[in-house]
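Data first, discussion second: the structure below is written as C-alpha cells.
Naming convention: chains lettered A, B, ... in sequence-line order (proteins, then strands); numbering from 1 in each chain. The basis for the numbers below is simple: all heavy atoms, side chains too, and nothing from hydrogens, waters or symmetry mates.
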Amino acid sequence: MTELSVKPGKKSFFPYRIGLEPRMAQVSSWLPASLSLGAVVVALMIGALILALGGGNPWATYAHIARASFGSLGVLSDTLVKATPLIFIGLACSLAFRMRMWNIGAEGQFYMGAFGASAIVLLPVLPAEAPRWQFLILMAISGMFFGAIWGSLPGLLKAKFNVNEVISTLMLNYIAIAFCNFFIFNVWSEGGFQMSPKFPKNSWLPRLTDYASTVPEFAGLTTHAGFILAVLAAVVVWFILHRSKWGYEIRLVGDNKRAAEYAGIRISRNIVFVMMLSGALAGLAGMSEISGVVHRFQGAISPGYGFTGIIVAWLAKLNPYAVIPVSILFGALILAGREIQPSGIPKMIQGIILVCLIASDFFLRYRVRIRKQVEA
Amino acid sequence: MVDGNPLEAAETVVKMRGIVKQFPGVVANDHVDFTLYRGEIHALLGENGAGKSTLMNVLAGIYRQEHGHVYIHDREVHFSSPRDAIMAGIGMVHQHFMLVPSLTVTENILLGLDEPRFVMNLDRYDQAIAALSEQYGLRVDPKAKVWQLSVGEQQRVELLKMLYRGAEILILDEPTAVLAPVEIDELFLTLRSMVANGKSIIFISHKLNEVLAISDRLTVLRRGQVTADGIPLQGITRRDLARLMVGREVIFEFEKQAHATGDDVLCVENIWSKNDKGLDALKGVSFSIKAGEIVGIAAVAGNGQSELAEVVTGLRRSSKGTVRILGEDFTNSPVRRGIQFGVGHIPEDRTHVGTAPNLDVTDNVIMKNYAREPIGHGMVVDMGAAHSFAKDLRALYDIVVPNIDTPVRLLSGGNLQRLILARELSGNPPFLVAVQPTRGLDVGAIEGVQRLLLKQREEGAAILLISEELDELLRLSDRLFVFYEGEIMGEITNVHTNDDELVEQIGLMMTGTRMDELHLETEGASHHD
Ligand SMILES: Nc1ncnc2c1ncn2[C@@H]1O[C@H](COP(=O)(O)OP(=O)(O)OP(=O)(O)O)[C@@H](O)[C@H]1O
Ligand SMILES: [Mg+2]
C-alpha cells in the first residue's frame with residue numbers, strides 16, 4: 001500500500017516550488033479593484049519592455065501617449081469623445097454579461113444604431129428644418145430600436161432554439177456591416193462617394209465648441225452631449241441592475257439559473273429582454289457617434305468599439321459606474337493610436353492589458369505560494 | 001471499537017492547543033483544544049456555526065489560526081497550505097466534493113500529484129486504485145467518469161484520493177448527510193477497516209445515533225468553545241449529547257396535537273412523470289393532503305420522491321395525470337403560479353437550487369416575494385424594505401451571519417438551511433413541500449424546525465414532507481405513503497413512534513413489498529404456527 005502512495009514534494013532541480021491554491025475565505029472588497037489596477041500597471045511595464053527591445057524609448061512613448069490623450073484641454077476633450085461610445089457599449093456588455101449572455105455583437109448593434117439614426121435624416125423622416133429636439137429624440141429612439149432588433153435576434157434564437165449566442169451575435173456583426181454598406185454605397189451615397197451627404201446642423205448633438213461664444217475656453221472642443229447621455233445611461237443601468245425587479249431577476253439568473261427557475265423567473269423572456277436592452281445601448285452608441293461626431297452616414301465609423309467594449313466591461317468587473325473611468329482610459333489609448341507612430345503600439349498595449357486582466361482574474365480565485373523545497 | 005480501554009496507552013497523533021480563529025464579526029474558534037489518538041474514531045459535535053468546519057479547516061491547512069499551536073506526532077507544524085497538511089498525512093473530505101465531473105475516477109485521484117509527469121500510463125494506476133479500493137471496501141470503478149457516479153460513490157472517490165496520497169489522519173465533514181442508510185452502513189464498515197489499519201479519523205455529524213454507533217471519543221464545541229474535550233463514549237446517551245451541544249435539555253418526543261383538518265389542499269391524481277434520464281420516475285401516483293395535515297413520503301433515495309416534489313411545485317412536467325392545489329387545476333403550471341398561490345418549497349439541494357451563492361443574504365431571502373408588496377413596488381425593488389425583511393428573518397430564525405450583505409456561500413451549512421426555511425415559512429404558505437428540511441441541522445435546530453412545521457400544520461397548512469429520516473417522518477406525519485420505484489406501496493394512517501413492527505413494515509415496503517402482500521405474508525406466517 002505505502003509504495004503506491006505518491007509522496008508530494010519530491011526533490012526537484014529548483015530549490016523553491018510555486019503552488020496555486022484556491023482561495024477559500026472571503027476576499028476583501030478592495031482586492032478586485034487593486035488587482036485590476038495592478039494588471040494595468042504590469043501591462044504597461046510589459047509594453048515598456050517590448051518597446052525597449054524594439055529599440056524605442058518606452059518612457060518617451062508613454063509620455064507621448066499621456067500628452068496625446070490628457071495633455072491639454074483639447075486632447076482631453078478628444079479622449080472623452082472616444083470614451084463616449086465605449087461607455088455605452090461597456091454598459092451594453094456589462095448588462096448582458098451579468099446574466100451570462102455573452103453578447104459579442106455590440107459592433108453590429110452599434111452599426112445598426114448608426115443606421116437607424118441616419119435613416120431619420122436621410123429617408124427623410126423629418127424635414128431638414130425641423131427643430132433640433134425633434135431630430136435628436138427621433139434619432140435616439142430609432143438608433144436604439146435598430147440596435148435592439150439586432151440584439152434581440154440572437155436572444156430569441158437562444159430562448160427558442162438554444163442557439164449559442166456567441167456564434168449568432170458574432171455572425172450578425174458581419175451582416176450588420178454589410179447591410180449598412182449597401183445603404184452607404186447604393187442608396188444614400190453622395191456623388192458616388194462612399195458616404196451620405198452631411199447632415200443638417202439641427203440633427204447634431206450639441207458640442208462644447210457650440211457654446212464658445214459664451215465660454216471662450218470651449219472653442220474647438222468637440223466633446224458632445226453624448227458623453228452626458230452615456231453617464232446618465234450608466235446611472236440607469238446601475239439602477240436597473242440593483243434597484244429594479246427586472247435587475248434582480250437578471251442577477252439571480254446570472255448567478256444560479258436553477259435557483260432562478262425555482263424562484264419562478266421566466267428565463268427565456270429575460271434572455272430576450274436583456275439582449276434587447278443590450279442592443280439598444282449599443283445602438284445608442286451608434287446614434288451618439290453619428291450625431292455627435294461623424295455627422296453623416298459612412299463606413300468605418302468604429303475602430304472596433306464593439307470589441308473594445310467587451311474588454312471595458314470586463315475590466316470594470318461589470319460594474320456600470322466603473323465602466324466610465326475604464327472607458328476613458330481606453331479612449332485615451334485609441335486616441336494615442338492616432339497620434340503616435342507606429343500606431344500599432346497602443347493596440348499592442350490594449351492587448352497586453354487584456355491578457356494581464358484575465359490573469360488577474362485568476363489571482364482573484366487562486367493564491368500563489370512560493371515555498372522552499374523540503375527534503376523528504 | 002470500544003473494547004476494554006485501549007486509549008490509555010494510545011499514541012497522540014494530533015494535538016491542537018488554544019486555537020483561535022476569527023472571521024469578521026464572529027470568533028469561530030475560541031481557544032479550542034483538540035486531541036486525536038492513533039487508531040480512534042473521534043466525533044466532533046456542535047450546533048450549526050459552532051466552529052467545527054473552521055477547526056478542521058485549520059488542521060487541514062486551509063485557514064490559518066490567529067493564536068494557538070498544532071502538533072502532529074508531537075512536533076509543532078505551521079501549515080501554510082492544504083498541501084503542507086497532506087504532506088503531514090492529513091486528508092480532509094469536505095461536505096461539498098471537489099471533483100472534476102468530466103474526468104475518470106483515476107484521473108481525479110491523480111490530479112495535482114507530481115506523478116505521473118508527462119506520460120499517463122492510466123492502466124497501471126487504474127489497477128493500483130482498484131487494489132486500494134478493494135482493501136478498504138470502497139467499491140467504485142476506477143474507469144468510470146465522475147458525473148456518472150452517485151453521491152455516495154463520489155464520496156468514496158474523495159476517500160480514495162486521500163488514502164492514495166498517504167493520509168494517516170482523515171477528516172470527514174458531515175459525510176453521512178448526503179448518504180442513504182445503506183450507504184451509511186457501508187461507510188461505517190470502511191471507517192472501521194481504516195482504523196484497523198492504523199489510521200485515525202475525525203468524524204463530524206449532527207446525527208447523534210451515528211456518533212454513538214461509530215465513535216470512540218468525542219469533543220463538543222459550543223459557540224466556538226470546547227464543552228467536552230475528548231470524553232470517552234461509554235455510558236453516554238443521546239440526551240447527554242444533546243445537552244452538551246445545545247446547553248439545554250432537548251425534547252426528542254413532543255406530542256403532536258390531534259386537531260381537525262380542513263378541505264383538500266393538494267390533490268394528485270394518477271401522476272406520471274419522467275426523471276432526467278427520460279425514464280418513468282412516477283408511475284400513476286394518487287393521493288391528497290388536507291389543510292392542517294402533514295403527509296410524509298418514505299422511500300429510499302431515487303424512488304420518485306424528488307420528482308414528486310418537483311411536479312407539485314411546477315419545476316417538472318408530468319406526462320399524465322392531474323395536480324390540483326386549493327381546488328384549482330395546477331397540472332403543469334409554471335412555478336410562478338405556485339408562488340402566487342403561496343406554495344412554499346424547501347428544496348432538496350440547498351446550494352444548487354435553493355440559493356444563489358454569490359448574492360447576499362438580502363437578495364436570497366427575497367427570492368419568493370421580491371415582486372410583491374411591500375418589497376416590490378411596480379417595477380422597483382424597495383431595498384429598504386428588503387433589508388428590514390432580511391434583518392427580521394435573521395433575528396426570528398436565528399440565522400448566524402455577520403451582516404446581511406454577506407454572500408451566502410460563506411454561511412455555515414446549517415445557517416444556509418435556516419435561511420431557506422425562513423424564506424419559505426415566512427409567508428405562512430397554505431401548502432408547503434418540505435424535502436429533507438432538517439438535513440445538516442444540529443439537534444437543537446432540528447427540534448426547532450420540527451416545531452415550526454407542526455406550528456404551520458396547526459395554522460392550517462397542508463404539508464408534503466419528504467425525508468430519509470424515518471424518525472422524523474414518524475414523529476411529524478399524520479399519514480405516511482411508502483414509495484418504491486415511482487409507485488405507492490401502501491398508506492399508513494395510524495402513524496406513531498416507537499413501534500418496531502411499524503418500522504419493519506415500512507422497511508419492507510421501501511424495498512418493494514406492497515402493503516396487501518405484506519398482510520398476506522404475515523397471515524401466512526401465523527397460519528404456519
Ligand atoms: N470564510 C468565512 N468567512 C466569514 N465567516 C465564516 C467563514 N467560515 C465560517 N464563518 C463563520 O464562522 C462560524 C463557524 O462556522 P463553521 O462553518 O465552522 O460552523 P460549523 O460548526 O461547521 O457549522 P455547520 O454545522 O452549520 O456546518 C459561523 O458563524 C460562520 O458563519
Ligand atoms: Mg460545517
### Task
Mind telling me whether F341(B) and F330(B) have parallel, tilted or perpendicular rings, with 30° and 60° as the class edges?
tilted
### Query
Is chain A contacted by the side chain of H377(B), its backbone, both, or neither, given a heavy-atom distance below 4.5 Å?
backbone
### Task
Side chain from CB out, backbone as N, CA, C, O: work out which of these in S333(B) comes under 4.5 Å of a heavy atom of chain A, or both, or neither.
neither
### Query
Relative to chain A, which of G314(B), G338(B), P357(B), P334(B) shows the most heavy atom pairs under 4.5 Å?
P357(B)
### Task
Under 4.5 Å, counting heavy-atom pairs only, tell me which of V335(B), I339(B), D363(B), N364(B) racks up the most with chain A.
D363(B)
### Task
Provide the closest heavy-atom pair for V166(A) versus W102(A) in the form atom of the first, atom of the second, distance.
CG2-CB, 3.7 Å
### Summary
Turns out that what part of I375(B) lies under 4.5 Å from chain A's heavy atoms comes down to neither
### Message
Can you tell whether the side chains of D276(B) and R316(B) come within less than 4.0 Å, N to carboxylate O?
### Response
yes
### Task
Report yes if the distance between the aromatic ring centroids of F23(B) and Y63(B) is under 6.0 Å, otherwise no.
yes
#### Entry: Charged tip of K368(B) within 45° of Y262(A) ring normal and under 6.0 Å
yes
### Query
Should the pair Y321(A) and W238(A) be assigned to parallel (<30°), tilted (30 to 60°) or perpendicular (>60°) ring geometry?
parallel
### Task
Tell me, for E424(B) versus chain A, whether the close heavy atoms (under 4.5 Å) come from the side chain, the backbone, both or neither.
side chain
#### Entry: Side chain / backbone / both / neither for Y248(A) at chain B, heavy atoms under 4.5 Å
side chain
### Task
Could you have a look at K257(A), E261(A), R243(A), E249(A) and say which one has the most heavy-atom pairs with chain B under 4.5 angstrom?
R243(A)
### Query
Does A390(B) offer a backbone N or O that forms a donor-acceptor pair with the side chain of T362(B) under 3.5 Å?
no
#### Entry: chain A contact via L315(B) - side chain, backbone, both or neither, heavy atoms under 4.5 Å
side chain
### Task
Taking all heavy atoms of F88(A) and all of A285(A), pick out the closest pair and write down the distance.
CB-CB, 3.5 Å
### Query
Which atoms of M367(B) come close to chain A, meaning under 4.5 Å heavy atom to heavy atom: side chain ones, backbone ones, both, or neither?
both
### Query
At a heavy-atom separation under 4.5 Å, does R423(B) approach chain A through its side chain, its backbone, both, or neither?
side chain
## Note on the structure
Highest number of heavy-atom pairs under 4.5 Å with chain A among D349(B), V353(B), D382(B) belongs to V353(B)
